[in-house]
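Structure, as structure tokens:
Below, chains carry the letters A, B, ... as their sequence lines are ordered, and counting in each starts from 1. Nothing here was measured: the structure is a model prediction, and the numbers come from that model.
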Amino acid sequence: MTSSLLFNLTTFAYLASMLVFFVFLAARASALGTAAMLTAYFGLLAQTVAIGLRWKESYDMGVGHAPLSNLYESVVFFSWTIVLIYALLDIKYKYRVVGAFVMPFALLGMAWAQLGMNNAIEPLVPALQSNWLLYHVVTCFLGYAAFAVACGISIMYLIKAGNEETVDKPAGGGLLFMFPPIRVLDDLNYRAIMVGFPLLTLGIITGAAWANYAWGTYWSWDPKETWSLIVWFVYAAFLHARITKGWVGKRAAWLSIIGFAATIFCYLGVNLFLSGLHSYGGK
Amino acid sequence: MATPKRDFLQSLWDFFCSLKLTMFLLISLAVISIIGTVIPQGPPPEEYLAQISPAKAGAYKALGFFDMYHSWWFILLLYLLTVNLVACSIKRLPHIWKIISQPVTTLSAGLEQSLANVTTIPTPDEPATIKERVAAFLKAEYAAPGITEIDGVWHLFAQKTPWCRLSVYCVHLSIIIIFIGSMIGSLFGFKAFVNIPEGGSISKVMSRSEKELDLGFSLRLEQFSMAKYPSGAPKEFKSILTVLENGKPVSDYTNVRVIVNDPLSYKGITFYQSSYGNAGNYFFTVSGLDGKNSVPITIAGQDSVSLPDGSSMHVTESTKDVSQFVPELSGAAAQVELHTPDGKTESFVVYANHPEKNALHAQQHGKGPVINYKGAEERMYTGLQVAKDPGVEIVWLGCVLMVIGIYAAFFLSHRRIWVRIENGSITVGGNASKNQGAFQHTFEVLVERLKTELAKEKQS
Ligand code: HEM
């Protein structure tokens, strides 16, 4: 069994999970929701083993390092963290439908990595040879994943809230029947960001600590650093929106979506469109 | 007695205490920061200026877009944020402090109305006797209660983690501490750069603002080396450095290994491996197309020299063995760049073992000169980033406070339980500052236990 075979299996599991979630939305049979969730769990397990195996394979090749060193490995890890955060949320709050809005993100990541990227294990360049790489990348990506989940929930919130405004008898039928009430969605959104915000903060701090250790400056306004701060400002605004009159509800949901868009730009856009110190280039 | 002046001050104060201002500042900072990630920061490179019109370049310069994170308007936003933070805290802290230091210890009818969790348990017992049992129960199952008696009615009050209400202020304070740390760094620290050739030593470095700074000691490069992976990708850049005081090596700082991600610190100044190059001499001979008038030419490191025909030349890359790039060739080779007097620039490779190739190249370009490579003297230099930042510890203190504060603000909650015991009934009320759902569960479990506890004692 090789890691790349298991990664393919993971991709299929996420695809199946997403499709069953969609059928579940339409058919409203709770057994389908459970099946979709179990498929996602199975994918998560396969992916966990695959990541561990890839780690080991790198040591077998004599260039041992945690599998977090290039774009392929980071996209795979991002996918993994999204499903992990979603699984934790599901275990705690049991709102299955959220999966229909979260699994597409995980699938997108895996499909892009498996179909569009070189998955060769490469040795680490000197700039990345540090334990800080692990702390920094793990905290950042767990934070990003929580924001992805929050974004999915916010989309549900906006759909449901829009529907309640226009339809006389809200929650009467259709796909929205399965959605939790908007009050619950709003709360779940906050809880996901409550997980993501401290992790992003830790991610920025470990990044600053690493930069200080490796270059002697904890902050140099390089585009990646600046974008992570932009993301941080947006979610800080989200947190204060909840206690500011006129900013609760829809506007907070939009802030969460904008925050995730900024997160994705910080992660991918900066490398593809801007230049800087960080080396996860797509080139 | 509201004078206009007072009104003005009052509205200014309200303005700075407003959370709408906070939203405005946070979103503005997010949007404005984008500018500096799109426009290159620092002295603008020629290629960039060529892309945009001079008017645009002038406007960008006037607006401070080339150094926007230090422009007055960006700094002003940060100051506004700080004032907003401090004003909000001054306004809210006294109230929060009162909740912590002078808790409401009695369950009045008004308070009871405002609580989300209230239960009444009927009881036939005397309030004075039952209060002991309830107090013992709370102490064992929740937290030691305070007991008050008003007109024969007994009030019990127990709470958990009241101080966590301060955690938000800890987060806000941490932001100000980080600002202070970064200001100390920019006032009393420096960032600089230095190149040291192998065997050479330096005692001055060049700051980012092009000032020479005296270190107060010297640093010698003993050796620089570079390792590669079999694929040719770089594996390690290594400088061996020795610190010298008055020309003598300092014992613990002799032959220190410095690699990327592993710097050397001495007397608060830290040296980071950053770049490298060849500082040694390259040797060439230059002649006319016919091979006559041959003269030796020596080029030191990255320097540029003038050739007899008026062109200037410098070395961009060199190798001891060209066969790793072109298998059918052998010996040393150098890539040189030639700027001819008529303004042309050409870049080509000259060889030590293949003079015929060098001559051929010159012929193809008409009039020469013919350049032959004679090899190089290997002498590497290392490029070090130099930094001193006395504010960095304060910044880390701020970061630690921020992480602790955010954790406490999100995951801890001030939970309060009131019990009122009067003739015939026990009323229990509860409230939590955060995560009401989880508290409701705790509350219900607690009330159930209290009921069984009271029933049990009645039977015995
Ligand atoms: C102009 C700047 C700011 C002002 C005036 C401000 C003000 C406030 C206020 C009044 C609260 C509510 C406190 C309460 O519930 O009693 C709050 C909460 C909070 N603030 Fe700020 N804040 C500012 C900036 C920031 C920033 C930059 C951060 C970034 C970490 C931050 C993090 C928080 C957190 C984590 C909470 C708790 C939110 C929650 O419990 O959901 N604040 N802030």
Heavy-atom pairs under 4.5 Å with chain A: which of B/Thr270, B/Ile259, B/Val395 has the most? B/Val395

A/Trp232 portion near chain B, given a 4.5 angstrom heavy-atom threshold: side chain

SB check A/Asp187 A/Arg183 (cutoff 4.0 Å): no

Measuring heavy-atom distances to chain A, does B/Asp389 have an atom under 4.5 Å in its side chain, in its backbone, in both, or in neither? side chain

Pair A/Trp221 and B/Phe74, ring centroids less than 6.0 Å apart: yes

Specify which of B/Ala387, B/Ser33, B/Gly437, B/Ser274 makes the most heavy-atom pairs with chain A at under 4.5 Å. B/Ser33

Per-residue contact mode, A/Tyr213 against chain B (heavy atom under 4.5 angstrom): both

Determine the option with the most heavy-atom pairs under 4.5 angstrom with chain B, choosing from A/Leu255, A/Asn212, A/Ile204, A/Val195. A/Asn212

Check: A/Phe147 ring centroid to A/Tyr144 ring centroid under 6.0 Å: no

Using modelled atom types and a 3.5 Å cut-off, is there a donor and acceptor pairing between side-chain atoms of A/His136 and backbone atoms of A/Gly207? yes

Largest heavy-atom contact set with chain A, pairs under 4.5 Å, which of B/Glu236, B/Met402, B/Gln385, B/Met23: B/Met23

Can you tell me if A/Thr244 uses its side chain to pair, donor with acceptor, with the backbone of B/Lys20 under 3.5 Å? no

Less than 4.5 Å to any heavy atom of chain A: does that hold for the side chain of B/Leu29, its backbone, both, or neither? both

Indicate yes or no: at least one non-hydrogen side-chain atom of A/Phe78 is less than 4.5 angstrom from one of A/Ile264. yes

Taking side chain to side chain contact (heavy atoms under 4.5 Å, CB included) as the criterion, tell me which of B/Ile175, B/Thr22, B/Leu25 meets it with B/Leu85. B/Ile175

Using a cut-off of under 4.5 Å for heavy-atom pairs, which of A/Val234, A/Leu239, A/Leu229 has the most such pairs with chain B? A/Leu239

Part of A/Ala209 within contact of chain B (heavy atom distance under 4.5 Å): both

Go through B/Ile32, B/Leu19, B/Val31, B/Ile27 and name the one with the most non-hydrogen pairs under 4.5 angstrom from chain A. B/Leu19

Can you tell me which portion of B/Ser182 sits under 4.5 Å from chain A's heavy atoms? Options are side chain, backbone, both or neither. both

